[in-house]
Asker: 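First the structure, which I've put down as structure tokens, then a few questions once you've had a look.
Being a predicted model, the structure only gives us computed values, none of them experimental.
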Amino acid sequence: MRNFRFGVNLVPSGGRSQWSESCRTAERLGYDVIAVPDHLGVQSPLLAMVAAAAVTERVRLTTFVLNSAFWNPVLLARDLLTAHELTGGRVEAGLGTGYVRTEFELTGLDWGTAGSRVGRLAETATALRALLAEPRAIGFTRPVQTPPLLIGGNGDRVLRLAAEQADIVSFSGAVLAAGSKRGTVQMIDAEAMDERVAFFTAAAGPRAAEVERNVFVQTVLVTDDRRAAATTARRRLPYLSVEQILQAPTRLIGTTEEIAAELLARRERFGFSYVSVQEHDMTTFAPVIELLAGR
């Protein structure tokens with residue numbers, strides 16, 4: 001069983017000083033990975049990662065996740081390899097389908113169907129994997145380390161692609177709400193995650209043990225009364241019961257000790273050893289990292 005790794009999803013929407021301080025804080029709090037999203041309205045993820053490396057020493061840096069529709073795989077391979085060199089080999093490349101329809105419209109890209117978006121992801125991931133493995137194909141004449149590839153999502157085709165291509169699979173634990181143009185998602189419950197993990201494991205076959213498993217936790221709530229907190233959360237999640245909210249893999253509710261115990265149980269159940277949280281939970285979650293460091 002893998003030791004835990006902990007990541008935080010930081011949004012580089014401010015200036016240099018704010019971004020530098022956020023990255024230093026994440027490293028000081030014990031996070032292993034700084035993750036940068038790929039959305040319009042915030043700074044470029046790859047440039048933000050290089051800037052993060054300049055003010056930190058050990059944290060790894062990942063795109064979480066790149067919208068594959070935005071990127072030409074040849075140019076993306078060049079930029080990832082460059083960033084990997086400039087950060088001292090700390091880059092991890094995360095890819096997804098993209099899920100915010102308004103961003104496709106603003107960039108003039110075809111929203112298409114769920115199938116066509118996954119098809120585009122598959123084409124990008126396959127080409128990128130080959131280019132990262134053979135950088136001389138795009139003009140890198142010196143030895144270059146290959147950054148690991150993360151593929152994130154929830155559907156069958158994305159998980160099957162991750163089973164074939166990824167070094168890290170990120171289980172989003174969410175589905176796109178019907179008709180949403182702004183990327184509104186709904187959380188799945190623990191039983192649904194059991195099925196998703198089982199699907200991935202079967203698809204990966206002998207590779208299953210080699211692929212690191214990540215989960216993106218949307219909310220961390222430290223409280224002495226788990227049930228009361230879950231009851232309140234139902235106002236925003238009416239499609240889940242209180243018990244489902246308490247067990248949902250993308251939510252963590254309880255005391256610091258209870259949350260640590262829950263993560264140990266989820267690692268045993270789902271194989272989730274790499275846990276990512278949102279920026280607004282970075283400080284709240286840090287004591288949990290202290291309890292689980294090295295385990």
Asker: Side-chain contact, heavy-atom cut-off 4.5 Å: Asp225 with Arg227?
Answerer: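 Yes. Closest side-chain heavy atoms under 4.5 Å.
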
Asker: What's the separation between atom CD1 in Ile259 and atom CG in Leu291, rounded to the nearest 0.5 Å?
Answerer: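 One gets 10.0 Å once the value is rounded to the nearest 0.5 Å.
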
Asker: I'd like to know if the side chain of Thr250 reaches the main chain of Met187, judged simply by a donor and an acceptor atom lying under 3.5 Å from each other, with no hydrogens or angles considered.
Answerer: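 No; zero donor-acceptor contacts below 3.5 Å.
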
Asker: Side chains of Leu81 and Thr146, heavy atoms from C-beta outward: is any pair under 4.5 Å?
Answerer: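 They are not in side-chain contact.
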
Asker: Evaluate the ring-ring contact (aromatic ring centres under 6.0 Å, His included) criterion for residues Phe6 and Tyr274: first the C-alpha distance (whole Å), next the side-chain angles of each, then the deciding distance (0.1 Å), finally the verdict.
Answerer: CA-CA 6 Å; Phe6 298 103; Tyr274 175 13; 8.9 Å; no

Asker: Do side-chain atoms of Glu258 reach the backbone of Thr255 as a donor and acceptor pair under 3.5 angstrom?
Answerer: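 Yes: the side chain of Glu258 pairs with the backbone of Thr255.
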
Asker: Using a 4.5 Å cut-off on heavy atoms from C-beta on, say whether the side chain of Cys23 contacts that of Leu10.
Answerer: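 In short, these two side chains touch, coming nearer than 4.5 Å.
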
Asker: Please answer whether the main-chain N or O of Val118 pairs with a side-chain N or O of Arg157 as donor and acceptor at a distance below 3.5 Å.
Answerer: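 Looks like no, no N/O pair under 3.5 Å.
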
Asker: I'd like to check Thr219 versus Leu252 (side-chain heavy atoms, cut-off strictly below 4.5 Å). Are they in contact?
Answerer: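 No, every pair of side-chain atoms sits at 4.5 Å or beyond.
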
Asker: Might you point out which heavy atoms bring Glu85 and Phe140 nearest each other, and give the distance in Å?
Answerer: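 Glu85 and Phe140 have their closest heavy atoms at OE1-CE2, 4.1 Å.
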
Asker: I'd like to know if Glu92 and Arg5 make a salt bridge, using a cut-off of under 4.0 Å between side-chain N and carboxylate O.
Answerer: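 Judged by the 4.0 Å cut-off on N to carboxylate O distance, Glu92 and Arg5 do form a salt bridge.
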
Asker: Any side-chain heavy atom of Leu121 within less than 4.5 Å of one from Thr97?
Answerer: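 They are in contact (side-chain heavy atoms under 4.5 Å apart), so the answer is yes.
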
Asker: Is there a donor-acceptor pair closer than 3.5 Å between any side-chain N or O of Arg234 and the backbone N or O of Leu240?
Answerer: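 Yes; at least one donor-acceptor contact below 3.5 Å.
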
Asker: Between Asp110 and Ser116, do the side chains contain a donor N or O and an acceptor N or O under 3.5 Å apart?
Answerer: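 Short answer, no.
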
Asker: Nearest 0.5 angstrom please: Thr126 OG1 to Leu161 CG, how far?
Answerer: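 Answer rounded to 0.5 Å: 6.0 Å.
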
Asker: Around atom CZ of Arg295, are there more than 12 heavy atoms of other residues, nucleotides or ligands at under 6.0 Å?
Answerer: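 Not buried by this count: 12 neighbours or fewer within 6.0 Å.
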
Asker: Which heavy-atom pair separates Leu246 from Arg266 by the least distance, and what is that distance?
Answerer: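 Taking every non-hydrogen atom into account, O-NH2, 3.7 Å.
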
Asker: Return the CG to CG distance between Leu95 and Leu66, rounded to the nearest 0.5 Å.
Answerer: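 So the gap between those two atoms works out to 5.5 Å.
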
Asker: Could you tell me whether Phe171 and Phe216 have their ring centroids closer than 6.0 angstrom?
Answerer: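 No, ring centres 6.0 Å or more apart.
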
Asker: Treating Ile, Leu, Val, Met, Phe, Trp and Tyr as nodes and any side-chain heavy-atom pair under 4.5 angstrom as an edge, say whether Val36 and Phe70 lie in one connected cluster.
Answerer: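 Looking at the clustering, Phe70 is in the same group as Val36.
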
Asker: So do Val217 and Val275 actually touch side chain to side chain, heavy atoms under 4.5 Å?
Answerer: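 Side-chain contact under 4.5 Å: yes.
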
Asker: Asp189: which residues meet the side chain to side chain donor-acceptor pair (under 3.5 Å) condition with it, sequence neighbours left out?
Answerer: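 Per chain and number, Asp189 pairs via side chain to side chain donor-acceptor pair (under 3.5 Å) with Gln244.
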
Asker: Looking at Glu268, I'd like to know if its CD atom is crowded, meaning that more than 12 non-hydrogen atoms belonging to other residues, nucleotides or ligands lie closer than 6.0 Å.
Answerer: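 No, the 6.0 Å shell around CD holds no more than 12 heavy atoms from other groups.
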
Asker: Do the two ring centres, one from Tyr99 and one from His39, sit under 6.0 Å apart?
Answerer: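 Ring-ring flag for Tyr99/His39: true, centres closer than 6.0 Å.
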
Asker: When rounded to the nearest 0.5 angstrom, what is the spacing between CG in Leu150 and OG1 in Thr63?
Answerer: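 Result: 7.5 Å between the selected atoms.
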
Asker: State, with a plain yes or no, whether a side-chain heavy atom of Phe104 is found less than 4.5 Å away from one of Asn67.
Answerer: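 Yes, at least one pair of side-chain atoms sits under 4.5 Å.
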
Asker: Looking at Arg129 and Asp167, is any side-chain nitrogen of the basic one under 4.0 Å from a carboxylate oxygen of the acidic one?
Answerer: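 The answer is yes: the pair qualifies as a salt bridge.
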
Asker: Do Val288 and Phe285 make a side-chain contact, defined as non-hydrogen atoms from C-beta onward lying under 4.5 Å apart?
Answerer: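 Sidechains of Phe285 and Val288: in contact.
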
Asker: Determine yes or no for a side-chain-to-main-chain donor-acceptor pair under 3.5 angstrom, with Arg90 supplying the side chain and Val59 the backbone.
Answerer: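 Judged by distance alone, yes, a pair lies under 3.5 Å.
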
Asker: Decide side-chain contact (heavy atoms from CB on, under 4.5 Å) for Gln247 and Glu191; before the verdict, give the C-alpha distance in whole Å, the side-chain angles of both, and the deciding distance to 0.1 Å.
Answerer: CA-CA 9 Å; Gln247 296 183 23; Glu191 286 68 30; 4.1 Å; yes

Asker: Can a donor-acceptor pair be found, under 3.5 Å and without considering hydrogens, that links the side chain of Arg207 to the backbone of Ala166?
Answerer: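 Indeed, once roles are kept as given, a pair shorter than 3.5 Å links the two residues.
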
Asker: So, are Glu164 and Arg160 salt-bridged, with charged N and O less than 4.0 Å apart?
Answerer: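 Here Glu164 does not pair with Arg160 in a salt bridge, since their nearest N and O are not under 4.0 Å apart.
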
Asker: Please say yes or no: joined through hydrophobic side-chain contacts below 4.5 Å, possibly via intermediate residues, are Ile188 and Val197 part of one cluster?
Answerer: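 Yes, Ile188 connects to Val197 through the hydrophobic network.
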
Asker: Where do Leu80 and Ala93 come nearest, in terms of heavy atoms and distance?
Answerer: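 Between these two residues, the closest heavy atoms are CD1-CB, 3.7 Å.
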
Asker: With no hydrogens and no angle check, is any side-chain donor or acceptor of Glu27 less than 3.5 Å from a backbone partner on Thr56?
Answerer: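 A pair under 3.5 Å: no.
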
Asker: Have Asp79 and Trp71 got a donor and an acceptor in their side chains that come within less than 3.5 Å?
Answerer: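 Per modelled atom types, Asp79 and Trp71 side chains form no pair under 3.5 Å.
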
Asker: Which residues pass the side chain to side chain donor-acceptor pair (under 3.5 Å) test with Arg136, sequence neighbours left out?
Answerer: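 Testing Arg136 for side chain to side chain donor-acceptor pair (under 3.5 Å), a comparison that skips the adjacent residues, returns Glu134.
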
Asker: Treating Arg117 as the side-chain partner and Ser68 as the backbone partner, does any N or O pair qualify as donor plus acceptor under 3.5 Å?
Answerer: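 Checked: no pair found.
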
Asker: Distance only, no hydrogens: is a donor on one side chain within 3.5 Å (strictly under) of an acceptor on the other, for Thr25 and Glu21?
Answerer: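 There is such a pair (donor and acceptor under 3.5 Å, judged by atom type) between the side chains of Thr25 and Glu21.
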
Asker: Give the minimum heavy-atom separation between Arg60 and Pro148, together with the two atoms involved.
Answerer: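 In this case the closest contact between Arg60 and Pro148 is NH2-CD, 3.9 Å.
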
Asker: Count I, L, V, M, F, W, Y as connected when their side-chain heavy atoms are under 4.5 Å apart, and connections chain through other members. Are Val42 and Leu47 then in the same cluster?
Answerer: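 They do not share one cluster, since no chain of ILVMFWY contacts under 4.5 Å joins Val42 to Leu47.
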
Asker: Taking atom CZ of Arg235 as the centre, does the number of heavy atoms from other residues, nucleotides or ligands within less than 6.0 Å exceed 12?
Answerer: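 No, not enclosed.
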
Asker: Could you tell me the separation between the CG atom of Asp32 and the CD1 atom of Ile289, rounded to the nearest 0.5 Å?
Answerer: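 Reported value, rounded in 0.5 Å steps: 7.0 Å.
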
Asker: Kindly say whether Ala51 contributes a backbone atom to a donor-acceptor pair with the side chain of Trp19 at under 3.5 angstrom?
Answerer: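 Checking the backbone N and O of Ala51 against the side chain of Trp19, no donor-acceptor pair under 3.5 Å is found.
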
Asker: Count the heavy atoms belonging to other residues, nucleotides or ligands that lie under 6.0 Å from CD of Glu57, then report whether that count exceeds 12.
Answerer: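 Check fails, neighbour count at 12 or below.
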
Asker: For Val11 versus Glu279, what's the shortest heavy-atom pair and its separation?
Answerer: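 Minimum heavy-atom contact is N-OE1, 3.0 Å.
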
Asker: Membership question, hydrophobic clusters at under 4.5 Å side-chain separation (ILVMFWY): are Val222 and Ile245 in the same one?
Answerer: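 They do share one cluster, since a chain of ILVMFWY contacts under 4.5 Å joins Ile245 to Val222.
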
Asker: When you measure from the side chain of Thr87 to the backbone of His84, do you find a donor-acceptor pair of N or O atoms at a distance under 3.5 Å?
Answerer: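 The answer is yes, because a donor-acceptor pair under 3.5 Å joins these two groups.
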
Asker: What is the distance from atom OG of Ser170 to atom CZ of Phe64, rounded to the nearest 0.5 Å?
Answerer: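 Between atom OG of Ser170 and atom CZ of Phe64 there are 3.5 Å.
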
Asker: Mind running side-chain contact (heavy atoms from CB on, under 4.5 Å) on Trp111 and Glu103 for me, showing each step along the way?
Answerer: CA-CA 9 Å; Trp111 172 246; Glu103 293 185 341; over 6 Å; no

Asker: I need the minimum non-hydrogen distance between Val220 and Asp281, along with the two atoms involved.
Answerer: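 For Val220 versus Asp281, the nearest heavy atoms are N-OD2, 3.0 Å.
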
